[in-house]
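Input: a single structure, listed below in structure tokens.
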Amino acid sequence: MNTLTISLIISFINTVVLVVIFYYLYLQYDEKAMGTWSLSWLVYSFRFVFMLLAGQFGGRAFFTVGHDISSLVSAFILLYGLYQYSGEKMRAWWGVGCAVCIAWTFTQFAAITGFLMYALPISLYTAAIFFRTGLAYLRMPRPRSYGSIITGIAFLVWAFHKLNYPFLRPMDWFVPWGYFISSTLLILVAAGILTGYFEKVRNRLLANEKSLDEALLDSLRRETQITLLLEGARTILENRAFGETARTIFESCRRYTGATAGYVALLSANGLNSEIIYLYPEEVPGTASASSLVQVRGLLAEAFASGRVMYENFPEGAENSGYLPVGHTALENVLISPLVVGGKTVGGIVLVNRKGGFIEEDAQITRAFADLASIALMNSMSLEMLEKSENRFRTLVESMNDVVFTLDRELRHTGLYGSWVEHYSIEEHAFLGRKAVEVLGVEAGTIHEQMALRALCGENVTYDWSLAGSHFQTSLSPIRDALGNITGVVGVGRDITLLKETEARLDASLREKELLLKEVHHRVKNNMQIISSLINLQSQLIGDKEHRDIFSETSARVRTMALVHEKLYQSENFAKINFREYLHELVAGLISMYKRDGVNVDLIIRVEDIEIGIDRAIPCAQIVNELVSNSLKYAFGPGDKGVIEISFGKTDQGKYSLFVADNGRGLPEGLDIEKVKTLGLQLVAGLVKQLKGDLSIERGAGVKFFVLFE
């Protein structure tokens with residue numbers, strides 16, 4: 001085995017080992033460049049195979065073409081892998097050059113040129129690729145790795161070695177050394193590529209580690225933020241006073257940002273000053289005591305007006321003392337976060353003197369703490385108003401001689417208030433959490449629970465009940481939440497024992513007076529009937545018919561008034577009578593009294609079922625008595641078919657309306673009721689005036705009287 005064969009075998013083995021290594025890396029890390037380079041080394045190994053075959057079987061020209069094509073294709077694939085590795089796009093002329101050189105290799109068969117002219121284009125093309133690759137590795141972006149330096153130098157040396165191929169290849173003594181040098185450079189290139197790749201992977205891992213460290217630090221910062229914010233939120237939930245809550249929130253904010261001083265202040269009513277609620281540090285050694293007021297101007301005024309967080313880092317030596325109380329520490333930088341309640345700035349958190357100055361992250365976290373302080377301020381204001389409201393409610397309830405209580409949906413007592421509780425020495429704990437049956441007993445408790453169930457259904461219930469000889473009245477109403485759902489019952493209880501006793505005495509007195517009044521009406525009615533009877537008896541002694549009729553009319557008028565008192569006596573209501581029943585009975589008596597032979601009169605009565613007082617009933621009854629009496633006496637002659645119509649009711653305007661009419665002879669023409677001499681019509685006119693009403697008369701077929709009164 002000669003030196004050339006040994007050199008070719010060693011080079012082939014080296015190449016195959018590199019193919020395996022690069023292909024493994026391709027499979028392990030899914031790096032496309034590694035796969036491309038493994039293919040490049042595989043193609044490169046064919047050149048050694050072709051040379052071994054040429055030495056074994058001869059046919060130098062054929063195997064030389066295969067050898068050179070393997071070199072060209074391997075170099076082209078190598079360059080393509082470089083572009084993949086760097087992320088750049090490969091230029092088209094490299095492919096064109098490769099195709100031209102491959103076509104040029106076939107001139108070997110034609111033997112139209114010498115070896116130098118044949119091999120020179122191929123050598124120049126491959127040398128250019130290696131030179132381009134070497135420069136690319138040497139010009140890799142910093143930090144430059146050892147692998148890229150080794151690879152770059154190896155490719156540059158290899159490029160110069162490729163230029164020797166046309167000149168030294170014909171010398172048999174150089175061929176083994178040429179392949180040995182190529183094999184050595186191949187190993188250096190592969191070693192450099194592998195070193196560079198692993199350095200790249202290492203740098204990537206370091207970058208990932210750094211990113212993880214930064215993410216961890218950011219996570220720790222976020223955790224600190226959340227912890228401090230939760231501490232502030234817990235302070236709010238504990239319903240502390242605003243000053244104490246503001247101090248806790250400020251200290252958390254100051255510790256996080258690293259500020260060395262600052263304060264929490266509330267804006268004055270005129271907006272010109274801010275009053276400090278909490279100041280840190282309160283006093284500085286060697287200075288005067290700090291004032292509690294800070295003027296609102298400059299950046300402070302701008303932040304309060306806009307409602308946005310603002311900060312400023314002042315140049316060294318700048319005079320800026322307007323954002324701190326008088327006599328406090330010197331100012332290097334400042335951050336102001338307004339407290340906004342209901343869209344209006346009411347104060348702010350001011351942080352000063354952070355080492356290195358404030359940054360945007362400080363502004364963001366301070367905004368969150370300011371929001372917590374705003375919520376705390378709203379809670380404090382709400383609690384203050386709630387306490388005032390509760391005190392007013394308690395004062396109101398305790399000034400009442402009643403008991404106010406609340407029940408839940410299970411009808412258990414949840415609250416008991418009022419001076420009535422103290423007056424009856426009721427212990428609140430005896431009611432709370434218990435039902436009425438458990439406290440008041442089965443009888444009274446059952447009434448309470450039945451009524452409370454109605455209140456839970458949405459009713460407002462008022463009821464009376466008794467316990468141990470005392471009487472009480474309770475009113476229940478449902479309690480609703482913001483959505484309108486019933487969540488319980490509120491009740492007001494009142495001792496009405498004295499009221500019940502007074503009511504009983506009044507009832508007894510009223511019944512006694514009713515009996516007396518009934519007796520009065522009965523006696524008045526009897527007396528008037530006696531008067532009417534005496535008048536009738538007296539009229540029988542009078543021979544003159546005209547004078548006897550006067551006595552009869554007077555008797556009828558007295559009987560009309562007596563009938564009113566009789567109706568009142570018979571009625572349960574001694575102030576009013578049912579005028580409908582009264583008129584029917586009155587008119588029936590008049591028809592019986594004035595009935596004449598040969599005169600047939602039909603009576604039409606339309607009266608609403610109305611009750612009127614005695615002050616209206618007697619005058620109205622006298623008017624009907626006079627008008628109906630006149631109709632019965634004068635309106636109809638023998639053989640006439642007469643009709644008398646009476647109606648009584650209320651108009652839409654609420655007035656009383658009386659209508660009396662007949663179809664008889666009517667009134668004489670020119671008769672003025674105001675000047676008539678007959679007593680009956682004079683009485684009608686006078687009674688209408690007594691009722692403060694209006695009288696109208698309609699003449700025609702008979703006569704119609706209209707009386708309208710209040």
Side-chain angles (χ1 to χ4, degrees), residues 228 232 235-236 240-284 287-314 318-354 357-358 362-385:
L228 294 174
T235 305
I236 294 173
R240 301 179 187 175
F242 176 67
E244 184 180 353
T245 306
R247 175 176 182 172
T248 302
I249 292 174
F250 174 84
E251 285 298 327
S252 298
C253 186
R254 186 187 64 79
R255 290 200 309 269
Y256 182 83
T257 59
T260 59
Y263 58 88
V264 180
L266 293 179
L267 200 60
S268 61
N270 58 14
L272 300 178
N273 298 298
S274 57
E275 182 179 356
I276 294 176
I277 302 299
Y278 173 69
L279 175 67
Y280 179 88
E282 294 184 4
E283 292 187 2
V284 179
T287 64
S289 298
S291 170
S292 63
L293 293 178
V294 176
Q295 288 186 350
V296 178
R297 59 184 180 180
L299 189 66
L300 191 64
E302 187 177 350
F304 282 4
S306 64
R308 294 184 290 107
V309 180
M310 293 186 176
Y311 62 91
E312 187 171 354
N313 300 309
F314 303 114
E319 290 293 332
N320 291 286
S321 58
Y323 305 110
L324 287 173
V326 176
H328 211 267
T329 183
L331 193 67
E332 298 173 5
N333 44 58
V334 62
L335 185 149
I336 303 164
S337 184
L339 305 181
V340 180
V341 175
K344 182 181 179 181
T345 299
V346 296
I349 295 177
V350 179
L351 299 171
V352 299
N353 296 352
R354 180 188 187 274
F358 289 103
D362 298 326
Q364 293 175 0
I365 187 64
T366 307
R367 172 77 273 173
F369 281 110
D371 290 340
L372 284 178
S374 299
I375 295 171
L377 181 58
M378 285 190 292
N379 282 356
S380 178
M381 294 167 61
S382 299
L383 285 173
E384 184 178 353
M385 289 188 292

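Count residues from 1 along the sequence.
In terms of the salt bridge (Lys or Arg N to Asp or Glu O under 4.0 Å) criterion, residue partners of E251 (sequence neighbours excluded) are, by chain and number, R254. Shown here are the ring pair (Phe, Tyr, Trp, His ring centres under 6.0 Å) partners of F304, two or more places apart in sequence or in another chain: there are none. With sequence neighbours excluded, the residues satisfying salt bridge (Lys or Arg N to Asp or Glu O under 4.0 Å) with R367 are D371. Scored by the side-chain contact (heavy atoms from CB on, under 4.5 Å) test, E275 finds L293 as partners (sequence neighbours excluded). Checked against side-chain contact (heavy atoms from CB on, under 4.5 Å), T260 has the following partners two or more places apart in sequence or in another chain: N353. Not counting sequence neighbours, the partners of V346 by the side-chain contact (heavy atoms from CB on, under 4.5 Å) test are L339, V341, L377.
In this structure, I349 CD1 and I336 CD1 are separated by 12.0 Å, a value rounded to the nearest 0.5 Å. Annotation: the span from S268 atom OG to Q295 atom CD amounts to 10.5 Å, rounded to 0.5 Å. With rounding to the nearest 0.5 Å, the separation of CE in M310 from CG in L335 is 11.0 Å. Of the inter-residue distances, the one linking R308 atom CZ with T345 atom OG1 reads 11.0 Å to the nearest 0.5 angstrom.
Annotation: side chain of T366 is not in contact with side chain of Y256 (no heavy-atom distance under 4.5 Å).
The shortest non-hydrogen separation linking F369 to I249 is O-CG2, 3.5 Å. The two residues V352 and G262 have their closest heavy-atom pair at CG2-N, 3.9 Å. For the residue pair A370 and P338, the shortest heavy atom distance occurs at CB-O, 3.7 Å. For the residue pair L300 and Y263, the shortest heavy atom distance occurs at CD2-OH, 4.3 Å. Heavy-atom minimum distance, N313 versus G357: OD1-CA, 3.2 Å. Of all non-hydrogen atoms in D362 and I365, the two that sit nearest each other are O-CG2, 3.3 Å.
Ring pair F250/Y278 is perpendicular by interplanar angle, where above 60° counts as perpendicular and below 30° as parallel.
A side-chain donor-acceptor contact under 3.5 Å links S374 to the backbone of V340.
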